[in-house]
Engineer: 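Following this message is one structure expressed as structure tokens.
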Amino acid sequence: MRSSSSVLSFWTKKSEKATKNLAGCELKHIHVSSSMERRNGPDLQLQQLTTTTVPAQDSAFSYKDNLIGALLAIFGHLIISIALNVQKYSHIQLAGSKDTRSYFKTKIWWCGLLLLLLGELGVFSSYAFAPLSLIVPLSAVSVIASAIIGIIFIKEKWKPKDFLSCALAIIGTYVLITFGPNSHEKMTGENIIRHLVSWTFLLYMLVEIIVFCFLLYFYKEKRVNYVVVILLLVAVLGSMTAVTVKAVAGMILVSIEGNIQLSYPIFYVMLVSMVATAIFQAEFLSQASQLYDSSLIASINYILSTTMAITAGATFYLDFRGADVLHICLFLLGCLIAFLGVFLITRNKKKLRAFEPYVSISSMPGLHNLHDKGSGIQPELGSFSYGALQSNDNLSEIYAPATLPVTQEEHGPQWAPSASYDIPDHNKRE
């Protein structure tokens, strides 16, 4: 009995000891795991939030801003095209009627002007929401809408290939909106100054200034009046206009939200640059319109200005930061399709020439009079001609002196008759 009780007590003590050791190990494991959770738990939770929740919210808000900006730009360009066609319709009405009023005295023209200002306001507001590289290519909407409105209201004739080009422009616009850049930041004064002094933008500005001076030298000094040269000057100025417009519109939006940005000097620098570049850009466009067809100017200017503005947006605002290669390639593909569509829309439009019921003096055949600085016209030596009427007279007959009959008159003692005339007999006797 004693031996069995001793054995039982031995195994009981051993089991209790094992239980205590197991409990200690569990407590130690719980302590270690709890300490590890305390040490790594907040970091892990923060990392999970930054990788899942926050990007999802930012992505949702950024795509919403993209949609608002794209809709404002489409609405603005659509209203602009309607306004231009309304003003064109007022000019056509005045030309086809006996009304002697000027165009700016008609209600239709003023209605078009108000619509034009409303459209420009919509386009200006769109720069505050969406990236610059997304808003600028949407100016193709104005070309598409003008073509469609011209068919409906002004009864312009179109061919099936024109509808195909319009479809290409619409498809390209949809693709570039879908795969456009999605980078957003608040347009505060600090952010704009930080972008302004970045080495990428300073290098871009240096190259742009050199190119602009080079083109301006050839255009003004060498008289190189090619349409590409003039519109490249417009595109260089237009890229700076787009950069400054986005800065001004973004700072106004941030100020409306409550963070006042109008006290920063950079706001007024951008505002003055926007107005100055827009004025010079309009001046070069006016000079180009005097030399070339408006449809040719519209297509080439859209391609060059959009390309330069996308480059400026990618350099200054870093629009494509964080975008993958596939989205960038599809965005560029959409831009190329839109370029092709706009070019085909404007390619077949012919320039309207007014009927001239008179013959201009510069088209009359003849020699310019040097004494009148080239303004006077003298007949050609070879023939007398005007329009389709040709003279077959010989030059010798034209310039032959006319023979007049000579009558004899008494002129007193100072008269000395020529030897070729016959003197009467009674004078000889005297």
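Numbers here are sequence positions counted from 1. The analysis underlying the following values was restricted to heavy atoms, covering all of them including side chains, and did not include hydrogens, waters or symmetry mates.
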Engineer: Please determine whether side chain to side chain contact (heavy atoms under 4.5 Å, CB included) holds for the pair Leu344 and Leu164, giving the CA-CA distance in whole Å, both sets of side-chain angles, and the decisive distance to 0.1 Å.
Structural biologist: CA-CA 9 Å; Leu344 292 177; Leu164 177 61; over 6 Å; no

Engineer: Sequence neighbours left out, what pairs pass side-chain hydrogen bond (donor to acceptor under 3.5 Å, both in side chains) with at least one residue falling in residues 129-140?
Structural biologist: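 As it turns out, the side-chain hydrogen bond (donor to acceptor under 3.5 Å, both in side chains) pairs with a partner in residues 129-140, which skip direct neighbours, are Ser133-Asp319.
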
Engineer: For Gln281 versus Thr241, what's the shortest heavy-atom pair and its separation?
Structural biologist: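 Between these two residues, the closest heavy atoms are OE1-OG1, 3.5 Å.
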
Engineer: Any side-chain to backbone donor/acceptor pair from Ser126 onto Val123? Under 3.5 Å, distance only.
Structural biologist: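 Yes, because the side chain of Ser126 sits within donor-acceptor range (under 3.5 Å) of the backbone of Val123.
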
Engineer: Please report the shortest heavy-atom distance between Pro181 and Asn66, naming the atom on each side.
Structural biologist: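 Closest approach of Pro181 to Asn66, heavy atoms only: O-ND2, 3.1 Å.
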
Engineer: With rounding to the nearest 0.5 angstrom, report the OG to CD1 distance, Ser142 to Ile74.
Structural biologist: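 The distance works out to 12.5 Å.
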
Engineer: Any side-chain heavy atom of Cys213 within less than 4.5 Å of one from Ile209?
Structural biologist: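 In contact.
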
Engineer: Does some side-chain heavy atom of Ser239 sit less than 4.5 Å from a side-chain heavy atom of Thr311?
Structural biologist: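 Result no, sub-4.5 Å side-chain heavy-atom pair not found.
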
Engineer: Quick one: side chains of residues 322-343, donor-acceptor pairs under 3.5 Å with protein atoms, not counting sequence neighbours, listed by atom name and distance.
Structural biologist:
residue: Asp324; atom: OD1; partner: His327; partner atom: N; Å: 3.3
residue: Asp324; atom: OD1; partner: His327; partner atom: ND1; Å: 2.7
residue: Asp324; atom: OD2; partner: His327; partner atom: ND1; Å: 3.2

Engineer: Show your working on side chain to side chain contact (heavy atoms under 4.5 Å, CB included) between Leu291 and Val227 and close with a plain yes or no.
Structural biologist: CA-CA 8 Å; Leu291 299 174; Val227 63; over 6 Å; no

Engineer: Looking at every heavy atom in both Gln261 and Ser255, which two are closest together, and how far apart are they?
Structural biologist: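 Nearest pair, atom of Gln261 first, then Ser255: N-OG, 2.9 Å.
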
Engineer: What pairs with Glu221 under side chain to side chain donor-acceptor pair (under 3.5 Å), at least two apart in sequence or on another chain?
Structural biologist: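 If we apply the side chain to side chain donor-acceptor pair (under 3.5 Å) test to Glu221, skipping adjacent residues, there are no hits.
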
Engineer: Going from CE on Met274 to CD1 on Ile279, what distance comes out if it is rounded to the nearest 0.5 angstrom?
Structural biologist: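 Met274 CE to Ile279 CD1: 10.0 Å, rounded to 0.5 Å.
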
Engineer: Can you find a heavy atom in the side chain of Met240 that is under 4.5 Å from one in the side chain of Val236?
Structural biologist: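 No, too far: nothing below the 4.5 Å cut-off.
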
Engineer: If we only count heavy atoms from C-beta on, is the Pro137 to Ile310 side-chain gap below 4.5 Å?
Structural biologist: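 Touching, per the 4.5 Å side-chain cut-off.
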
Engineer: Over all heavy atoms of both residues, which pair between Leu132 and Gly313 is shortest? Give the atoms and the distance, please.
Structural biologist: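 That would be CD2-CA, 3.6 Å.
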
Engineer: Pairs in or reaching into residues 242-258: which pass salt bridge (charged side-chain N to carboxylate O under 4.0 Å, His left out), with residues at least two apart or in two chains?
Structural biologist: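 Passing the test, one end in residues 242-258: Lys186-Glu257.
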
Engineer: Begin from the C-alpha positions of Leu176 and Leu138 and carry the test side chain to side chain contact (heavy atoms under 4.5 Å, CB included) through to its verdict.
Structural biologist: CA-CA 9 Å; Leu176 65 90; Leu138 294 180; 4.0 Å; yes

Engineer: Ser305: which residues meet the side-chain contact (heavy atoms from CB on, under 4.5 Å) condition with it, sequence neighbours left out?
Structural biologist: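 If we apply the side-chain contact (heavy atoms from CB on, under 4.5 Å) test to Ser305, skipping adjacent residues, the hits are Ala235, Asn301.
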
Engineer: Measuring only between side-chain heavy atoms, which start at C-beta, is Phe124 closer than 4.5 Å to Leu72?
Structural biologist: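 No, their side chains stay 4.5 Å or more apart.
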
Engineer: In Å, rounded to the nearest 0.5 Å, how long is the span from CD1 of Ile230 to CD of Gln290?
Structural biologist: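 Reported value, rounded in 0.5 Å steps: 9.5 Å.
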
Engineer: Write out all pairs satisfying salt bridge (charged side-chain N to carboxylate O under 4.0 Å, His left out) with one or both partners inside residues 194-210, taking only residues at least two apart or from two chains.
Structural biologist: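 Checked against salt bridge (charged side-chain N to carboxylate O under 4.0 Å, His left out) - neighbours excluded - the pairs reaching residues 194-210 are Glu185-Arg194.
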
Engineer: Is a side-chain N or O of Tyr268 found less than 3.5 angstrom from the main chain of Leu262, in a donor-acceptor match?
Structural biologist: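 Indeed, once roles are kept as given, a pair shorter than 3.5 Å links the two residues.
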
Engineer: Please report the interatomic distance CG(Leu71) to OG(Ser125), rounded to the nearest 0.5 Å.
Structural biologist: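 Answer for the CG-OG pair, Leu71 versus Ser125, is 13.0 Å.
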
Engineer: Any side-chain heavy atom of Asn225 sitting closer than 4.5 Å to one from Val229?
Structural biologist: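 Answer no - side chains too far apart.
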
Engineer: Restricting to non-hydrogen atoms, name the atom on Ser273 and the atom on Thr277 that form the minimum distance, rounded to 0.1 Å.
Structural biologist: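 For Ser273 and Thr277, the tightest heavy-atom pair comes out as O-OG1, 2.7 Å.
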
Engineer: So how far is it from Phe267 CZ to Met187 CE, rounded to the nearest 0.5 Å?
Structural biologist: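 CE of Met187 is found 13.5 Å from CZ of Phe267.
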
Engineer: Between Val86 and Tyr89, is there a side-chain heavy-atom distance shorter than 4.5 Å?
Structural biologist: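 A side-chain contact is absent here, since even the closest heavy-atom pair is not under 4.5 Å.
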
Engineer: Would you mind reporting whether Phe163 and Ile148 have side-chain heavy atoms less than 4.5 Å apart?
Structural biologist: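 They are not in contact (no side-chain heavy atoms under 4.5 Å apart), so the answer is no.
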
Engineer: When you look at Leu318 and Ser183, which way does the side chain to side chain contact (heavy atoms under 4.5 Å, CB included) test go after all the steps?
Structural biologist: CA-CA 8 Å; Leu318 304 176; Ser183 61; over 6 Å; no

Engineer: Got a second to check how far Phe129's CZ is from Leu134's CG, nearest 0.5 Å?
Structural biologist: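 CG of Leu134 is found 13.5 Å from CZ of Phe129.
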
Engineer: For the ring pair Phe280 and Phe284, is the centre-to-centre distance below 6.0 Å?
Structural biologist: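 No: the rings miss the under 6.0 Å criterion.
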
Engineer: Indicate the atoms forming the closest heavy-atom contact of Ala247 with Tyr317, along with that distance.
Structural biologist: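 Between these two residues, the closest heavy atoms are N-OH, 3.3 Å.
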
